[in-house]
Amino acid sequence: MFLIIAGALMVLDTIAVALVSNYNFGVILPGMLGLPLLITGIYYEPLRTWAQRSRIGAAIKWAMRVGYAAVALSLAITVSLMVAATLDKPQPGADAVIVLGAGIRDDRVPATLAARLERAVEYAEPNPETLFVVTGGKGQGESITEALAMKRYLVSTLGVPENRILMEDQATSTQENFRYCLPILREHLSENARVVFVTSAFHMFRAELVAKKEGVQAEALSCPTTWYLIPNCYLREAAAIAQYYISGKL
């Protein structure tokens with residue numbers, strides 16, 4: 001019953017989130033992990049008998065045990081790193097706030113990206129001179145660039161004047177977000193300017209690694225993750241961090 005319930009919940013999570021979010025690895029990952037559990041739970045008795053009588057069955061049983069244990073351990077480590085990265089808070093008064101892009105649906109700003117923009121405005125409110133740098137190109141299923149959607153949201157929904165917003169509309173990854181923002185920052189700000197970047201809590205640890213790699217000196221500011229996306233976001237980010245430590249590629 002435990003396997004059936006856990007597996008079913010993970011598969012249903014993938015189905016539900018796919019209806020409200022852009023397709024990505026984080027959407028399907030719970031389903032990928034849950035489906036073998038669901039099948040094992042449904043056919044538990046015949047599979048147990050097979051594992052007892054067959055070397056192949058026994059090997060598959062132990063491979064599943066080791067595999068899920070490795071996933072659980074890596075998830076515990078990477079989530080600890082993600083949480084620790086959100087503990088430091090930047091001081092107010094930065095000259096610019098970079099808002100890292102996230103997928104949009106057609107031309108609409110989803111909850112994850114809206115939270116980042118709202119956090120940036122909240123941070124910049126005491127300093128009317130702070131500039132906003134919105135970054136993100138046009139991805140699959142998007143009718144406009146993420147940067148333009150973010151700018152429209154800042155202006156129409158959050159009341160930010162257009163002259164405080166700078167756009168970087170070519171990036172297709174976090175690495176390119178920072179790489180393409182760098183010349184914009186150099187053009188509009190002095191060498192000693194303070195810069196803060198905003199992203200979701202689950203993304204903070206890896207974003208800091210990318211910023212350093214791209215030579216962007218910026219403090220990090222996190223915003224909460226939308227509650228129903230937490231399993232998907234943290235699983236996907238855990239996989240990305242594990243890949244980084246294995247391959248060295250961000």
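Atom OG of S74 sits about 12.5 Å away from atom CD of Q243, to the nearest 0.5 Å. The CD1 atom of I104 lies 6.0 Å from the CD atom of E146; values are rounded to the nearest 0.5 Å. The CG atom of L35 sits 4.0 Å away from the CD1 atom of I39 when rounded to the nearest 0.5 Å. Note that the SG atom of C233 and the CH2 atom of W227 stand 13.0 Å from one another [nearest 0.5 Å]. M82 CE to T225 OG1: the interatomic distance, rounded to the nearest 0.5 Å, is 9.5 Å. To the nearest 0.5 Å, atom CD of residue Q52 and atom NZ of residue K61 are 7.0 Å apart.
A 4.5 Å side-chain heavy-atom check between Y68 and P36 finds at least one atom pair inside the cut-off. A 4.5 Å side-chain heavy-atom check between D95 and E129 finds every atom pair outside the cut-off. Put simply, the side chain of L189 reaches to within 4.5 Å of the side chain of L131, judged on heavy atoms.
Between the side chain of R164 and the main chain of P128, a donor-acceptor pair closer than 3.5 Å is present. A distance-only check finds no donor-acceptor pair linking the side chain of R116 to the backbone of C223 [under 3.5 Å]. With hydrogens and angles ignored, the 3.5 Å screen pairs a side-chain donor or acceptor of T14 with a backbone N or O of G31. E168 places a side-chain N or O within donor-acceptor distance of the main-chain N or O of A171, the cut-off being under 3.5 Å. A side-chain donor-acceptor contact under 3.5 Å links T86 to the backbone of V83. Judged by distance alone, with hydrogens and angles left aside, the side-chain atoms of R194 form a donor-acceptor pair with the main-chain N or O of P92 at under 3.5 Å. H203 places no side-chain N or O within donor-acceptor distance of the main-chain N or O of T199, the cut-off being under 3.5 Å. Under the 3.5 Å distance criterion, the side-chain polar atoms of Y180 are left unmatched by any main-chain donor or acceptor of Q175. Checking side-chain atoms of S54 against main-chain N and O of I56 turns up a donor-acceptor pair under 3.5 Å. Side-chain N or O atoms of D107 include none that pairs as donor or acceptor with a backbone N or O of I144 at under 3.5 Å.
No salt bridge links K89 with E219; every basic N to acidic carboxylate O contact stays at or beyond 4.0 Å.
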Stepwise, does the side chain to side chain donor-acceptor pair (under 3.5 Å) test hold for S143 with D106? CA-CA 5 Å; S143 61; D106 191 17; 2.8 Å; yes
Evaluate E176 against Q170 for side chain to side chain donor-acceptor pair (under 3.5 Å), listing each step before the verdict. CA-CA 8 Å; E176 291 181 353; Q170 301 299 315; over 6 Å; no
Would you sort out whether L182 and E214 count as a side-chain contact (heavy atoms from CB on, under 4.5 Å), showing the intermediate values? CA-CA 8 Å; L182 195 55; E214 293 299 320; over 6 Å; no
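Remark: Y43 OH is loosely packed, at most 12 non-hydrogen atoms of other residues, nucleotides or ligands lying under 6.0 Å away. Heavy atoms from other residues, nucleotides or ligands lying under 6.0 Å from CD of Q91 number 12 at most. Within a 6.0 Å radius of CD in E125, other residues, nucleotides and ligands contribute 12 heavy atoms or fewer.
Side-chain contact annotation: Y153 with E118, donor-acceptor N/O pair under 3.5 Å present.
The minimum heavy-atom distance between V109 and A149, with the atom names listed, is CG2-O, 3.5 Å. When all heavy atoms of L113 and L100 are compared, the closest pair comes out as CD1-O, 3.8 Å. The shortest heavy-atom contact between P90 and V196 is CB-CG2, 3.9 Å. Between V121 and V160, the shortest heavy-atom distance links the atoms CG2-CG2, 3.8 Å. Shortest non-hydrogen contact noted between G93 and Y123 is N-OH, 3.4 Å.
Screening I230, V27, L33, V79 for a side-chain contact (heavy atoms from CB on, under 4.5 Å) involving L235 leaves a single residue, L33.
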